[in-house]
Asks: 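Below you'll find the structure I mean.
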Amino acid sequence: MDPVQRYAVSLPGPVCGHRPATVVVVHWTPRSVDGNSVYTDETGEFQVSINADGVASRLDADEGHQHQCLHAVPLPRTGSPVG
């Protein structure tokens, strides 16, 4: 089975910030961590591993700034019809 090529990952805003989540689109890489695929944004600076349940974990977060259990939503392949 081919891996999902793209995900939208939601990053929560600051606690009590009352602003919507930031959404980052990440793309599949051939890397894996602990059996989970690694995805990265276009800059390569934001990297996450995403498990089969759609839970993303940051790989490059500073200690104490890592958000666990980020929500990842699979996106259709580029050029795929929607609907």
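All values derive from a computational prediction rather than experimental measurement.
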Asks: Is S49 close to D34 at the side-chain level, that is, under 4.5 Å between some pair of heavy atoms?
Replies: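 No, every pair of side-chain atoms sits at 4.5 Å or beyond.
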Asks: Please determine whether residues L75 and F46 belong to a single hydrophobic cluster, defined as Ile, Leu, Val, Met, Phe, Trp and Tyr linked transitively by side-chain heavy-atom distances below 4.5 Å.
Replies: no
Asks: Does some side-chain heavy atom of N36 sit less than 4.5 Å from a side-chain heavy atom of R31?
Replies: no
Asks: Any chain of hydrophobic side-chain contacts (each under 4.5 Å) joining V26 to L11?
Replies: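 Looking at the clustering, L11 is in the same group as V26.
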Asks: Rounded to the nearest 0.5 Å, what's the gap from OH on Y7 to OH on Y39? Could you check?
Replies: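 So the gap between those two atoms works out to 4.5 Å.
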Asks: Rounded to the nearest 0.5 Å, what separates atom NE2 in H27 from atom OG1 in T40?
Replies: 8.5 Å
Asks: Within the distance-only criterion (no hydrogens, no angle test), does the side chain of D53 pair as donor or acceptor with the backbone N or O of V55 below 3.5 angstrom?
Replies: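 Here the side-chain-to-backbone pair does not exist.
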Asks: Less than 4.5 Å apart, any side-chain heavy atom of S32 and any of S37?
Replies: no
Asks: What closest approach, in Å, do S10 and V23 show between heavy atoms, and which atom pair accounts for it?
Replies: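 Closest heavy-atom pair between S10 and V23: OG-CG2, 4.2 Å.
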Asks: Of all the heavy-atom pairs spanning A56 and I50, show the shortest one and how long it is.
Replies: CB-CG1, 3.8 Å
Asks: To the nearest 0.5 Å, tell me how far S57 OG sits from L70 CG.
Replies: 7.0 Å
Asks: Checking D41 now: which residues fulfil side-chain hydrogen bond (donor to acceptor under 3.5 Å, both in side chains) with it, not counting sequence neighbours?
Replies: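 Result, side-chain hydrogen bond (donor to acceptor under 3.5 Å, both in side chains) vs D41: T43.
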Asks: To check you understand the geometry: which heavy-atom pair defines the closest contact between V73 and H71, and what is its length?
Replies: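 Where V73 meets H71 most closely, the heavy atoms are CG2-NE2, 3.3 Å.
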Asks: Got a second to check how far T29's OG1 is from Q5's CD, nearest 0.5 Å?
Replies: 10.5 Å
Asks: Between V38 and L59, is there a side-chain heavy-atom distance shorter than 4.5 Å?
Replies: yes
